[in-house]
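In what follows, a single structure is set out as structure tokens and then discussed.
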Protein chains: 2
Amino acid sequence: MTKTFFEEINSENPTGVAFKNVNLKKKVLSYFANTGNATIAELGKELNLSVPKITSLINDLINDGLVQDHGKVDSTGGRKPNVYGLAPDSGFFLGIDVKTHHINIGLTDFQKKLISSVEKYPYKLTNNQESLEELCQIINNFISECPIPKEKILGIGINLSGRINYAKGYSYSFFHFHEDPLSKIIESHVGIKVFLENDSRAMAYGEFCSGVVNQEKDVLFLNLDYGIGMGIMINSQLYYGKSGYSGEFGHIPVFRNEIICKCGKKGCLETEAAGWALVEMFKERLNEGASTLITRENIAPENLLLEDIINAAHNDDVLAIELIAKIGEKIGKGIALLINIFNPELVILGGSLSSTEEYILLPIKSAINKYSLSLVNNDTQLKVSKLGEQAGVIGACLLVRNKLLALEHI
Amino acid sequence: MTKTFFEEINSENPTGVAFKNVNLKKKVLSYFANTGNATIAELGKELNLSVPKITSLINDLINDGLVQDHGKVDSTGGRKPNVYGLAPDSGFFLGIDVKTHHINIGLTDFQKKLISSVEKYPYKLTNNQESLEELCQIINNFISECPIPKEKILGIGINLSGRINYAKGYSYSFFHFHEDPLSKIIESHVGIKVFLENDSRAMAYGEFCSGVVNQEKDVLFLNLDYGIGMGIMINSQLYYGKSGYSGEFGHIPVFRNEIICKCGKKGCLETEAAGWALVEMFKERLNEGASTLITRENIAPENLLLEDIINAAHNDDVLAIELIAKIGEKIGKGIALLINIFNPELVILGGSLSSTEEYILLPIKSAINKYSLSLVNNDTQLKVSKLGEQAGVIGACLLVRNKLLALEHI
DNA sequence: ATAACTTATTAAATTATTTTATTAATGAAT
DNA sequence: ATTCATTAATAAAATAATTTAATAAGTTAT
């Protein structure tokens with residue numbers, strides 16, 4: 001009896017040929033996952049395999065239900081080829097993006113199409129057991145209300161800020177009060193396999209796979225929110241570092257100030273250039289009696305949210321725009337530093353603050369010109385995230401797909 | 001007639017099987033290059049190929065003169081296996097490491113063994129035509145005096161500081177006064193294929209392949225000299241960035257000072273934390289009448305070299321040690337920043353300043369603890385370069401070998 | 001010494017893959 | 001409408017690789 005793909009990738013002692021076939025199938029799936037659909041000829045060229053070989057791999061994958069024949073497609077003349085691609089409904093993935101004051105949830109099919117999603121579901125991320133249980137509750141509710149039967153959901157990806165050990169499923173910044181890894185704990189509450197990921201990294205991956213990235217291979221994604229996170233893509237792969245703590249851009253020491261950062265250190269970039277700092281600066285100005293749209297809306301300074309400031313800026317509030325430009329300049333100096341180190345092809349501005357577009361983009365651009373070597377920064381494009389609020393959810397789903405298909409390191 | 005390996009890697013339209021065989025041979029060579037010698041069984045396990053297949057690949061490579069049978073070796077019992085490895089004298093590589101005040105030259109065989117070398121050959125790197133011609137002259141002299149016939153030298157690797165476009169052979173910081181790439185110009189003077197590389201990157205690669213690196217895959221190498229350069233190894237591959245300008249660590253903007261850096265910007269790390277800065281600080285102290293070993297040696301402040309200060313420190317000169325600790329603290333803060341961004345497994349201190357060992361290592365370590373997240377910096381080892389002055393030469397040779405065998409991206 | 005065991009090498013058989021040839025499908029030109 | 005040019009898919013043949021088996025070579029234990 002022949003094994004299915006899933007049996008094959010989990011089998012202990014594969015014989016030489018079987019092992020190679022599994023790898024070839026992974027490559028085929030990976031090509032579909034990254035590029036969408038493809039003809040047999042295209043796959044043959046890409047993977048350096050003959051047409052009959054590709055045909056047999058594809059047929060196996062069709063029998064396993066992972067791949068579908070999507071029918072004929074136009075050609076440059078001559079007989080039309082069949083195109084094949086991932087079978088959209090062979091499985092679904094749930095992505096949960098946990099933010100400071102809300103949660104985004106989304107469900108994608110096998111072809112990374114967002115089937116159903118909830119944006120900005122109210123949730124206050126607090127580091128205690130109740131908050132964790134509330135999170136599980138929200139997930140369970142979403143699953144029970146979603147149009148897809150639970151057993152078709154193959155995995156759940158959860159994004160949290162801070163230090164995450166992706167491989168082991170531990171979170172060190174939130175919910176670290178059990179001996180078991182957090183992923184296992186949520187798994188036992190929900191009944192579906194759970195993978196944790198750092199929020200910025202998941203957003204970077206989402207943006208990389210279906211956002212603003214075209215051919216660029218060395219890409220930095222900045223998550224500008226209350227904190228400043230970064231996802232690093234090198235040679236089209238997410239970069240983790242030794243334990244998955246890479247990209248702690250918000251905590252690089254660049255200022256000589258006395259502000260104690262959330263991380264416990266002084267002088268972190270976040271202390272003056274992130275959403276926290278923006279809110280603090282804004283509050284100070286409010287207390288000094290500055291006039292702004294915020295006062296008209298009767299928001300008490302102690303309840304001021306980053307979102308309020310962003311909304312004010314969208315409505316041309318002068319103070320909001322001024323202060324955003326101020327942190328933009330500091331973020332830009334930080335990006336200049338990254339450009340000197342990475343010589344990246346593309347830097348993406350994401351996170352809630354990136355929705356202010358030109359207000360934050362222009363000061364960043366001028367700071368980059370001021371502080372980085374021109375020969376180097378000429379190489380680097382600067383773009384604003386295309387997926388916006390959805391980047392995290394989509395990235396989470398795609399990472400689960402990769403993990404389950406074992407496509408990580410192709 | 002069957003083709004040799006070199007004919008095969010350069011052939012235009014390889015048929016499927018031939019193409020795969022070339023790739024397999026590259027993998028075999030790459031394994032030998034990285035790991036040294038190997039038995040057929042080891043290679044089979046590593047590359048997932050059968051014994052007869054490996055045997056035939058090895059036999060082809062032996063026929064091409066690239067691989068040698070090195071005879072029997074001990075086993076855990078049973079018949080002793082033959083080990084195979086790169087044929088040491090099938091070709092030689094010349095590495096030239098151009099420093100500010102001297103040149104290091106070395107010749108390695110195919111097995112990365114240094115056959116002959118000259119350290120600290122006097123040469124003043126100046127950005128003019130005469131300096132370039134002098135460089136070519138020195139290379140030609142070395143070749144004519146070296147024990148290996150010129151035609152056996154398959155390629156030359158030259159390390160220069162500053163921006164290098166490795167792929168195209170352009171140097172932008174030095175000798176950029178012709179339209180043709182610098183590599184072509186030197187090639188025409190010497191008559192052997194020339195590859196340029198950024199000095200810090202070549203040193204990093206040397207250290208990575210035959211220095212202090214064991215299993216670590218994400219490694220940062222710092223070249224602490226007059227300037228501060230960095231070579232980045234990610235997943236055991238040199239990281240270049242879009243055009244090969246990555247690693248400009250010396251020019252990240254971190255200070256609020258008015259010192260104009262060599263690069264034209266203000267506030268670069270180099271302006272206060274590199275050899276240039278150390279020399280300036282030392283001169284200042286000398287002019288203030290400080291007593292130090294340097295004054296005893298009758299070195300005029302205007303002729304003071306970084307080397308003099310390093311020598312003084314080796315001889316326990318208090319001022320030298322004090323000032324080295326001062327820049328060490330600043331370098332350490334920079335490294336803390338890198339650790340937050342990269343979460344590397346290993347940071348290597350190289351370059352001339354690293355020879356001061358503890359004098360620079362201790363302030364760096366304490367700054368790292370002070371300025372980086374402890375969860376992250378716990379992952380990172382800090383080591384001093386093992387190859388020292390030879391890192392650049394060995395790295396240059398190894399990179400030429402990779403380039404010629406097309407092993408770059410295996 | 002010899003048996004038992006481990007490992008390498010070689011050879012033969014089997015299986016897999018690629019090549020080549022053939023047939024099918026399609027659009028454009030005659 | 002039929003033929004031609006082009007490309008795709010399939011089938012058959014040829015080649016290549018792996019697996020299995022057999023043999024040879026070296027170790028260790030009895």
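All chains are named by letter (A, B, ...) in the order of the sequence lines, taking the proteins before the strands, and each is independently numbered beginning at 1.
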Problem - Minimum-distance nucleotide (side-chain atoms of B:Lys20 versus C:dT18, D:dT18, D:dA8) - result: C:dT18
Exercise for the section: Could you check which of D:dA17, C:dT10, D:dA9 has an atom nearest any side-chain atom of B:Val51? Expected result: C:dT10
Handout entry: Side chain proximity check, A:Lys217 to A:Ser236, heavy atoms < 4.5 angstrom
Key = yes
Handout entry: Sub-4.5 Å side-chain heavy-atom contact between A:Tyr84 and A:Ile40
Key = yes
Handout entry: Sorted by number, the residues of residues 52-60 of chain A with heavy-atom contact under 4.0 Å to DNA chain C
Key = A:Pro52, A:Lys53
Problem - Proximity of A:Phe93 and A:Phe110 rings by center, below 6.0 Å - result: yes
Rounded distance in Å - [atom1] ([X]) to [atom2] ([N]):
X: B:Lys45; N: C:dA8; atom1: NZ; atom2: C1'; value: 14 Å
X: A:Phe19; N: D:dT19; atom1: CZ; atom2: C1'; value: 17 Å
X: A:Ile62; N: D:dA9; atom1: CD1; atom2: P; value: 11 Å
X: B:Leu43; N: D:dA17; atom1: CG; atom2: C1'; value: 17 Å
X: A:Asp69; N: D:dA8; atom1: CG; atom2: P; value: 15 Å

Practice task
Return yes if a side-chain donor-acceptor contact under 3.5 Å exists between B:Glu197 and B:Tyr240, otherwise no.
Solution key: yes
Exercise for the section: May I ask you to check whether A:Lys112 and A:Asn34 show a side-chain donor-acceptor distance below 3.5 Å? Expected result: no
Are any of [X]'s side-chain N or O atoms less than 4.0 Å away from OP1 or OP2 of [N]?
X: B:Asn48; N: D:dT18; result: no
X: B:Asn21; N: D:dA17; result: yes
X: A:Asn82; N: D:dA9; result: yes

Practice task
Could you grab the distance from atom CD1 of A:Ile192 to atom CG of A:Leu154, nearest 0.5 Å is fine?
Solution key: 9.0 Å
